[in-house]
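Here's the structure, in structure tokens; my notes come after.
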Amino acid sequence: MNNRIRELRARHNMTQDDLARKVNVRRETIVFLEKNKYNPSLRLAYDIAKVFGITIEEVFLFESET
Amino acid sequence: MKRSVLVFLVAGLVLLTSLLWMVNSAGMADLTDTIQFGVIGLLVAFAVFIGFRRLKSERRGEPAEDELSKSILQKTAAFSYYISLYLWVAMIYIKDRVNMDTEQLLGTGILGMAITFALCWLILNFRGMRHE
């Protein structure tokens with residue numbers, strides 16, 4: 001699963017700290033998400049999408065594993 | 001804040017107990033004891049590092065623990081449990097072949113468990129939880 005968090009964060013002129021505080025996680029979690037080293041819970045994915053004002057599918061790009 | 005302070009409290013207690021042990025065995029400590037003191041020192045340093053990480057997050061207005069740190073901790077606990085089982089089997093094998101008294105053997109086993117936990121945590125923190 002890939003995501004557009006870094007791109008969306010830059011577009012909204014937001015630092016990793018800002019986004020972390022808005023979705024109530026540690027900054028390291030945002031770093032891991034941007035590096036695709038962590039798949040977030042549905043709750044966190046929803047909160048991130050809500051911060052950017054778009055849907056989960058627009059932030060997280062699901063790829064078929066087959 | 002309370003959980004961050006708890007880490008420092010536990011690290012302090014471990015250090016205090018080790019210092020008492022060191023003072024009581026002054027002049028009698030052999031190579032195994034010296035190595036164990038060193039490893040305890042490293043583990044206390046690791047706990048202090050974790051405590052400072054949590055404090056830093058809290059000062060930035062972030063939670064000390066979140067879903068990623070909790071899942072890393074859970075996976076670390078599971079991994080280190082399995083590895084510790086093998087460690088104790090190895091300790092039972094070593095027991096009859098190495099000249100160590102029971103206290104040293106138990107101490108080495110407990111330290112081995114703590115080292116296993118610290119290493120698993122470091123690896124998972126570096127590798128991430130991509131396919132969870």
Side-chain angles (χ1 to χ4, degrees), chain A, chain B residues 1-11 42-83 116-132:
Chain A
M1 184 172 75
N2 292 317
N3 67 70
R4 295 170 54 219
I5 296 175
R6 192 190 297 266
E7 175 202 328
L8 291 163
R9 201 170 47 74
R11 197 180 290 174
H12 285 77
N13 204 18
M14 209 182 270
T15 64
Q16 289 175 332
D17 274 322
D18 296 334
L19 181 59
R21 271 193 292 267
K22 280 184 194 242
V23 295
N24 199 33
V25 294
R26 295 164 65 243
R27 190 185 65 85
E28 285 81 2
T29 303
I30 303 297
V31 174
F32 270 62
L33 283 170
E34 289 187 356
K35 287 183 179 172
N36 285 319
K37 281 187 168 186
Y38 176 56
N39 290 342
S41 67
L42 186 58
R43 174 85 243 178
L44 180 56
Y46 173 78
D47 286 344
I48 290 171
K50 201 175 164 190
V51 166
F52 296 128
I54 50 180
T55 61
I56 292 176
E57 291 92 330
E58 288 172 288
V59 182
F60 297 94
L61 313 165
F62 294 90
E63 287 164 355
S64 171
E65 287 183 4
T66 53
Chain B
M1 190 71 179
K2 277 180 191 167
R3 288 192 69 129
S4 305
V5 173
L6 196 68
V7 173
F8 289 113
L9 190 73
V10 172
L42 280 175
L43 290 169
V44 167
F46 177 72
V48 169
F49 166 71
I50 301 281
F52 273 118
R53 257 172 65 108
R54 286 183 174 182
L55 274 180
K56 212 170 121 187
S57 293
E58 283 173 354
R59 279 190 197 138
R60 280 198 302 243
E62 299 162 7
E65 278 187 318
D66 62 6
E67 61 174 57
L68 173 63
S69 61
K70 278 178 192 163
S71 55
I72 285 179
L73 214 56
Q74 278 171 359
K75 198 156 187 180
T76 300
F79 267 152
S80 54
Y81 172 73
Y82 286 127
I83 296 167
T116 304
F117 186 88
L119 285 177
C120 285
W121 187 88
L122 282 172
I123 290 167
L124 284 173
N125 248 290
F126 180 74
R127 194 183 67 99
M129 307 275 288
R130 200 171 310 190
H131 302 295
E132 303 309 313

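Lettering follows sequence order; numbering is per chain, from 1.
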To the nearest 0.5 Å, what is the distance between [atom1] ([X]) and [atom2] ([Y])?
X	Y	atom1	atom2	answer
B:Glu67	A:Arg26	CD	CZ	12.0 Å
A:Arg27	B:Lys56	CZ	NZ	7.0 Å
A:Glu28	B:Arg53	CD	CZ	5.0 Å

Any idea which of A:Ala20, A:Ser41, A:Pro40 has the most non-hydrogen atom pairs under 4.5 angstrom with chain B?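 Heavy-atom pairs under 4.5 Å are most numerous for A:Ser41.
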
Within a radius of less than 6.0 Å around CZ of A:Phe60, do more than 12 heavy atoms belonging to other residues, nucleotides or ligands occur?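 Yes, enclosed.
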
Is it the case that atom CG in A:Asn13 sees more than 12 heavy atoms from other parts of the structure closer than 6.0 Å?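 Not more than 12 within 6.0 Å, no.
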
Minimum-distance pair of heavy atoms, taken over all atoms of A:Phe32 and B:Asn125: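 Closest approach of A:Phe32 to B:Asn125, heavy atoms only: CZ-O, 2.7 Å.
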
Side chain to side chain contact (heavy atoms under 4.5 Å, CB included), paired with B:Glu62, selected from A:Asp17, A:Ile30, A:Val25: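 The side chain to side chain contact (heavy atoms under 4.5 Å, CB included) with B:Glu62 is passed solely by A:Asp17 among A:Asp17, A:Ile30, A:Val25.
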
Donor-acceptor contact below 3.5 Å, side chain A:Lys37 vs main chain B:Phe126: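 Confirmed, A:Lys37 side chain pairs with B:Phe126 backbone.
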
